[in-house]
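Here the structure comes first, spelled out in structure tokens, and everything after it is commentary.
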Amino acid sequence: MKGKSVGKWIRRVVMLILLGIFLFSGISILRILHQYKVSDRLYEGIANQYTSQTSDGAGKGQQDAADGAAGAEAGAGAETAPIVVDFEGLRGVNGDVTGWIYCEDTPINYPVVHGADNDYYLTHNYDGTASASGSIFVEAENRPDFVDSNTIIYGHHMKNGSMFASLDQWADQAYYEEHPVMWLLTPEQDYKIILTGGYTTSATSDTYTIFQGPGEELNTYLDKCMAQSDFSAGVELDGEARYVLLSTCAYVFDNARYVLHGILVPVDSAGGIPF
């Protein structure tokens with residue numbers, strides 16, 4: 001009888017432990033989901049407060065790039081960004097704001113920050129509040145204002161589809177053809193991002209090499225990267241141009257990342273305001 005009582009007591013203790021684990025897991029999931037909602041509301045509010053659509057720009061860049069590789073050259077100096085961004089207001093909140101990235105008909109519509117390291121904005125929103133969603137931020141070793149030959153921009157792969165979670169959708173050729181361009185707006189100059197390639201790589205791969213200026217090594221790097229692309233862009237690479245590398249986590253192997261390369265093509269606006 002004593003053995004049965006001990007066994008019953010042990011079973012009760014185990015059940016209580018399992019119940020505690022279940023409750024803790026449930027609370028943790030609810031806390032994460034709450035953080036997602038708070039972050040989504042914050043960034044939606046930021047977009048509503050600090051950006052607005054132009055009357056004739058939306059969608060024009062997508063069609064230009066879809067016309068083929070010549071779209072990269074045709075876009076230069078021929079149009080303005082499809083949104084207007086109030087950088088004065090944004091920088092009044094946080095001086096680290098360096099740009100705004102936007103892709104029509106996708107969740108990508110966020111301020112871009114450039115901090116002193118690559119850790120802070122992994123866990124903080126653009127306004128400095130703590131958040132699991134973090135921010136879209138520039139590699140700390142890149143120079144400001146996208147003057148390097150390739151600038152790396154990071155964003156979390158959030159399970160609710162926010163931030164840079166949608167990058168891996170460009171692995172599908174049809175999705176690329178529907179979204180061949182993004183936009184990078186800055187207070188000094190806006191750029192059409194003509195997407196040139198996307199693929200899965202390691203967080204420690206040579207993909208994350210920074211080139212401050214043009215040269216043969218950059219040309220070799222670009223050729224190697226484009227050879228890995230999941231989609232065919234048909235865009236002619238220009239070693240004298242500047243590029244961005246968009247990066248987010250992937251879950252196909254340890255430390256996997258999905259990246260998109262894009263060439264920066266200046267347009268006739270800054271912050272969406274025509275020159």
Side-chain angles (χ1 to χ4, degrees), residues 43 61-62 65 72 81 83 85 97-115 118 121-122 126 133-158 161-173 175-186 190-211 218 221-222 224-226 228-231 233 235 237 241-252 255-265:
Y43 282 113
Q62 300 283 27
I83 62 173
V85 179
V97 172
T98 190
W100 189 282
I101 190 166
Y102 170 75
C103 185
E104 186 180 354
D105 296 328
T106 78
I108 298 175
N109 188 25
Y110 298 106
V112 180
V113 291
H114 191 184
N118 289 332
Y121 285 112
L122 283 172
Y126 99 103
S133 298
S135 300
I136 305 299
F137 65 96
V138 174
E139 162 64 47
E141 293 187 8
N142 274 120
R143 292 180 294 173
D145 302 325
F146 307 95
V147 298
D148 290 326
S149 285
N150 66 321
T151 297
I152 303 169
I153 304 177
Y154 302 104
H156 281 309
H157 186 143
M158 303 305 293
S162 64
M163 307 311 285
F164 272 178
S166 59
L167 291 192
D168 58 8
Q169 294 192 49
W170 271 268
D172 178 65
Q173 181 71 29
Y175 191 86
Y176 158 73
E177 291 175 0
E178 293 173 355
H179 309 86
V181 304
M182 294 188 190
W183 292 89
L184 178 65
L185 292 85
T186 80
D190 297 338
Y191 303 91
K192 181 188 289 187
I193 304 175
I194 306 293
L195 297 177
T196 59
Y199 52 89
T200 303
T201 190
S202 168
T204 59
S205 73
D206 292 341
T207 292
Y208 293 93
T209 304
I210 295 174
F211 296 89
L218 173 62
Y221 164 84
L222 292 172
K224 179 180 178 181
C225 291
M226 295 313 102
Q228 305 176 65
S229 181
D230 294 322
F231 61 83
V235 176
L237 302 181
R242 284 178 285 165
Y243 293 80
V244 288
L245 172 69
L246 312 181
S247 173
T248 193
C249 289
Y251 302 104
V252 293
N255 290 321
R257 300 290 187 268
Y258 197 84
V259 299
L260 283 179
H261 293 267
I263 186 170
L264 293 178
V265 178

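Since the model is a prediction, treat every value here as computed from it, not as a measurement.
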Does the side-chain contact (heavy atoms from CB on, under 4.5 Å) test come out yes or no for Asp105 and Glu178, once each step is laid out? CA-CA 9 Å; Asp105 296 328; Glu178 293 173 355; over 6 Å; no
Residue pair Val138, Phe146: steps toward the side-chain contact (heavy atoms from CB on, under 4.5 Å) verdict: CA-CA 9 Å; Val138 174; Phe146 307 95; 4.0 Å; yes
Start with the C-alpha gap between Ile101 and Leu246, add the side-chain angles, then the distance that decides, and say whether side-chain contact (heavy atoms from CB on, under 4.5 Å) holds. CA-CA 10 Å; Ile101 190 166; Leu246 312 181; 4.0 Å; yes
Asp230 and Trp170: side-chain contact (heavy atoms from CB on, under 4.5 Å), yes or no, with the steps? CA-CA 8 Å; Asp230 294 322; Trp170 271 268; over 6 Å; no
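Atom CG of Asp168 sits about 8.0 Å away from atom OG1 of Thr248, to the nearest 0.5 Å. Note that the CD1 atom of Ile153 and the NE2 atom of His114 stand 10.0 Å from one another [nearest 0.5 Å]. Taken from CD in Glu104 to CG in Asn109, the straight-line distance is 11.0 Å, to the nearest 0.5 Å. Within the model, atoms OG1 of Thr186 and CG of Asp145 stand 7.0 Å from one another, a figure rounded to the nearest 0.5 Å. The CE atom of Met163 sits 6.5 Å away from atom OG of Ser133, with the distance rounded to the nearest 0.5 Å. Note: Thr151 OG1 to Leu245 CG = 9.5 Å, rounded to the nearest 0.5 Å.
Scanning all heavy atoms of the two residues, the minimum distance from Tyr43 to Ser135 falls at OH-OG, 3.3 Å. Of all the heavy atoms in Ile194 and Val265, the pair that sits closest is CG1-CG2, 3.8 Å. Across all non-hydrogen atoms, the minimal contact from Asp190 to Ala81 is OD2-CB, 3.7 Å. Among all heavy-atom pairs drawn from Met158 and Ala165, the shortest one is O-CB, 3.2 Å. Considering every non-hydrogen atom in both Cys103 and His179, the closest pair reads SG-CB, 4.3 Å. Across every non-hydrogen atom of Tyr126 and Val97, the tightest pair is CD1-CG2, 3.8 Å.
Considering only residues two or more places apart in sequence or on other chains, Phe137 meets the ring pair (Phe, Tyr, Trp, His ring centres under 6.0 Å) condition with Tyr154. Partners of Thr196 under the side-chain hydrogen bond (donor to acceptor under 3.5 Å, both in side chains) rule, at least two apart in sequence or in another chain, do not exist in this structure. In this structure Tyr121 satisfies the ring pair (Phe, Tyr, Trp, His ring centres under 6.0 Å) test with no other residue, sequence neighbours excluded. Looking at residues two or more places apart in sequence or on another chain, you find no side-chain hydrogen bond (donor to acceptor under 3.5 Å, both in side chains) involving Glu141. A search for salt bridge (Lys or Arg N to Asp or Glu O under 4.0 Å) contacts involving Asp148 returns Arg143, not counting sequence neighbours. Evaluation of the side chain to side chain contact (heavy atoms under 4.5 Å, CB included) rule for Gln173 yields Tyr176, Glu177, Phe231, Ser232 as partners, not counting sequence neighbours. A search for side-chain hydrogen bond (donor to acceptor under 3.5 Å, both in side chains) contacts involving Asn118 returns Glu139, not counting sequence neighbours. With sequence neighbours excluded, the residues that form a side-chain hydrogen bond (donor to acceptor under 3.5 Å, both in side chains) with Tyr191 are Arg242. Ser205 is linked by a side chain to side chain contact (heavy atoms under 4.5 Å, CB included) to Thr201, Ser202, Thr207, Tyr208, counting only residues two or more places apart in sequence or in another chain. With sequence neighbours left out, His157 forms a ring pair (Phe, Tyr, Trp, His ring centres under 6.0 Å) with Tyr251. With sequence neighbours excluded, the residues that form a side chain to side chain contact (heavy atoms under 4.5 Å, CB included) with Leu222 are Leu218, Leu237, Tyr243.
Side chain of Ser229 to backbone of Gly198: a donor-acceptor contact under 3.5 angstrom is found.
Under the 4.5 Å side-chain criterion, counting only non-hydrogen atoms from C-beta, Thr204 is not in contact with Asn255. A 4.5 Å side-chain heavy-atom check between Ser247 and Val259 finds at least one atom pair inside the cut-off. Residues Leu264 and Ile193 form a side-chain contact, since some pair of their non-hydrogen atoms from C-beta on lies under 4.5 Å apart. Side chains of Ser166 and Ile108 form a contact here, defined as non-hydrogen atoms less than 4.5 Å apart. Here the side chains of Trp183 and Val85 are not in contact, with every heavy-atom distance at 4.5 Å or above.
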